[in-house]
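Below is one structure, written out as structure tokens; comments come after it.
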Number of protein chains: 2
Amino acid sequence: MGILRKTKNLETILDIFRQSNEALSANLLFERLHERMNRSTVYRLLERLEDDGILHSFASMDNVKFYALRQDCISSGDVHSHPHFQCTTCNQVVCLEQEVVFPTLNRMRIEEAQIFLKGQCNSCLSQ
Amino acid sequence: MGILRKTKNLETILDIFRQSNEALSANLLFERLHERMNRSTVYRLLERLEDDGILHSFASMDNVKFYALRQDCISSGDVHSHPHFQCTTCNQVVCLEQEVVFPTLNRMRIEEAQIFLKGQCNSCLSQ
DNA sequence: CAACTAATGCGACTATGTTGCAATAATAAA
DNA sequence: TTTATTATTGCAACATAGTCGCATTAGTTG
């Protein structure tokens, strides 16, 4: 049902996401909070923020659920998706801006699409 | 280091993959074996088959690791990948044949790419 | 400033996956 | 064929990611 009350924990988590454009897993977030918030609270807030459309989530290649602030999306009949990228050097996960549009493929109805890329980010490449 | 000995368990698992073109998670496989193989053996065999290039793996949207027989891949300088598809009705996961080629994106070195699609498969659509 | 109840912390639990170790079985050597 | 070697297996304990019920705490409303 989403968020009904503005709590300190909620603001703390939102601040962390707003301070960088990184995507974070529940555990990375938990670490950044120096474990000052209960683990289940972290999971519940992430879920609520996603229900409210403030965050969106996706699976990393290591099968970990990541969350990031939801950007405004183009809306059209086709399914679209922006890729997610993880740097193999610094491990940061970010949303890429380019939207990818999926046309209808051979007699399947595509409803959702996820693209995950791995490689080296700009700043790690230049070091 | 991959596979050194042809064991019954190994053949059993390979047979299951060969009998259908589905992708399976360790747990789905474990269920199909009617739990007649140890869970850790299943995980170890999947890992070895992947090391040997007989299977390949990818993450589903629910953060579960799936394995499927590796098809012959086009080889070129660009990173390429075939999409994986899960039907939201029958839950089957399959590899799609169309290869997607990723050109180099804005100053990042892409090394690996994963596309996961969800929707309705052909056979569920026509029922 | 009460009253209401969403949100929290806690602990126990589930699911997925990993590891060390002794027993077993596939393979190579005799 | 028999023996020796060691990869593979099963077992149990562990690790990590995530969920849930419940009593307590703390936003919010009147």
Side-chain angles (χ1 to χ4, degrees), chain A residues 1-17 22-68 84 86 91 93 114 116, chain B residues 1-17 22-68 84 86 91 93 114 116:
Chain A
M1 76 184 92
I3 282 146
L4 300 171
R5 293 184 185 179
K6 255 196 183 177
T7 64
K8 277 191 181 181
N9 286 339
L10 177 81
E11 288 304 319
T12 308
I13 286 185
L14 269 180
D15 280 348
I16 291 177
F17 278 105
E22 258 182 286
L24 297 168
S25 67
N27 274 318
L28 285 171
L29 196 52
F30 187 58
E31 281 170 25
R32 293 222 185 166
L33 292 162
H34 307 288
E35 315 196 356
R36 276 197 283 262
M37 195 182 299
N38 191 274
R39 192 179 283 277
S40 42
T41 303
V42 174
Y43 281 106
R44 285 190 277 227
L45 283 176
L46 288 172
E47 197 187 341
R48 286 178 212 161
L49 285 165
E50 187 176 18
D51 285 349
D52 268 27
I54 297 166
L55 298 180
H56 70 285
S57 74
F58 54 93
S60 78
M61 274 193 207
D62 314 311
N63 317 300
V64 175
K65 196 168 185 177
F66 274 78
Y67 290 86
H84 298 108
Q86 181 164 38
N91 284 316
V93 179
Q114 203 167 89
F116 198 89
Chain B
M1 75 185 95
I3 281 147
L4 300 172
R5 294 183 184 179
K6 254 194 185 179
T7 63
K8 277 192 181 180
N9 286 338
L10 178 80
E11 289 303 320
T12 307
I13 285 185
L14 269 180
D15 281 347
I16 292 178
F17 278 106
E22 257 182 286
L24 296 168
S25 66
N27 274 318
L28 285 170
L29 196 50
F30 187 58
E31 280 170 27
R32 292 220 188 167
L33 292 162
H34 306 287
E35 317 194 355
R36 276 196 282 261
M37 196 180 300
N38 191 275
R39 192 179 283 275
S40 43
T41 303
V42 174
Y43 280 107
R44 285 191 276 227
L45 284 177
L46 288 172
E47 197 187 341
R48 286 179 212 159
L49 285 164
E50 187 177 17
D51 284 351
D52 268 28
I54 296 166
L55 298 180
H56 70 284
S57 73
F58 54 93
S60 78
M61 273 193 209
D62 313 312
N63 318 299
V64 175
K65 195 169 184 175
F66 274 77
Y67 290 86
H84 299 109
Q86 180 165 39
N91 285 316
V93 179
Q114 206 169 87
F116 198 89

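If you're wondering where the values come from, they're calculated on a predicted model, not measured in any experiment. To find a chain, count down the sequence lines: A is the first, B the second, and so on, and within it residues start at 1.
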Could you tell me how far apart A:L45 (CG) and C:dG9 (C1') are, to the nearest whole angstrom?
12 Å
Round to the nearest Å and state the distance from A:D51 atom CG to C:dA6 atom C1'.
15 Å
Evaluate the side-chain proximity of A:M37 to A:K8: yes if any heavy-atom separation is below 4.5 Å, no if none is.
no
For DNA chain D, determine which residues of residues 36-44 of chain A have any heavy atom closer than 4.0 angstrom to one of its atoms, and list them numerically.
A:S40, A:Y43, A:R44
Report the end-to-end axis angle of the helix from C:dC1-D:dG30 to C:dA30-D:dT1; each axis comes from five terminal pairs, and the value is rounded to 10°.
40°
In terms of the angle between their ring planes, are B:F58 and B:F66 parallel, tilted or perpendicular, with boundaries placed at 30° and 60°?
parallel
Between C1' on D:dT16 and CG on B:N63, what's the gap in Å once rounded to a whole number?
13 Å
With a 4.5 Å heavy-atom cut-off, do A:L45 and A:Y67 have their side chains touching?
no
Atom of A:R5, atom of A:L10 and distance for their closest heavy-atom approach
O-CD2, 3.9 Å
Calculate, to the nearest 0.5 Å, the distance between atoms OG and CZ belonging to B:S60 and B:F116 respectively.
5.0 Å
Rounded to the nearest angstrom, tell me the gap between atom CG in B:L29 and atom P in C:dT16.
13 Å
So how far is it from B:F17 CZ to B:L46 CG, rounded to the nearest 0.5 Å?
5.5 Å
May I have the distance from A:L46 (atom CG) to D:dT19 (atom P), rounded to whole angstrom?
10 Å
Could you state the CD-P distance from A:E47 to C:dT8, rounded to the nearest angstrom?
13 Å
Say you draw a straight line from CG of A:D52 to CD1 of A:I54; how long is it, rounded to the nearest 0.5 Å?
4.5 Å
Shortest non-hydrogen pair, B:S57 vs B:K65, comes out as OG-CE, 3.4 Å
Report, as a single string ordered 5' to 3', how protein heavy atoms within less than 4.0 Å touch nucleotides 23-30 of chain D: B base, S sugar-phosphate only, - not at all.
---BBS--
In whole Å, I'd like the distance from the CG atom of A:N27 to the P atom of D:dG18.
7 Å
Using distance alone, with no hydrogens and no angle criterion, decide if B:N27 and B:S25 have a side-chain donor and acceptor under 3.5 Å apart.
no
So, is A:N9 close to the C:dA7 phosphate, meaning a side-chain N or O under 4.0 Å from OP1 or OP2?
no
If we ignore angles and hydrogens, is there a donor and acceptor under 3.5 Å between the side chains of A:T7 and A:N9?
no
Provide the closest heavy-atom pair for B:M61 versus A:A59 in the form atom of the first, atom of the second, distance.
O-CB, 4.1 Å
Can you tell me how far P of C:dG17 sits from NZ of A:K65, to the nearest Å?
16 Å
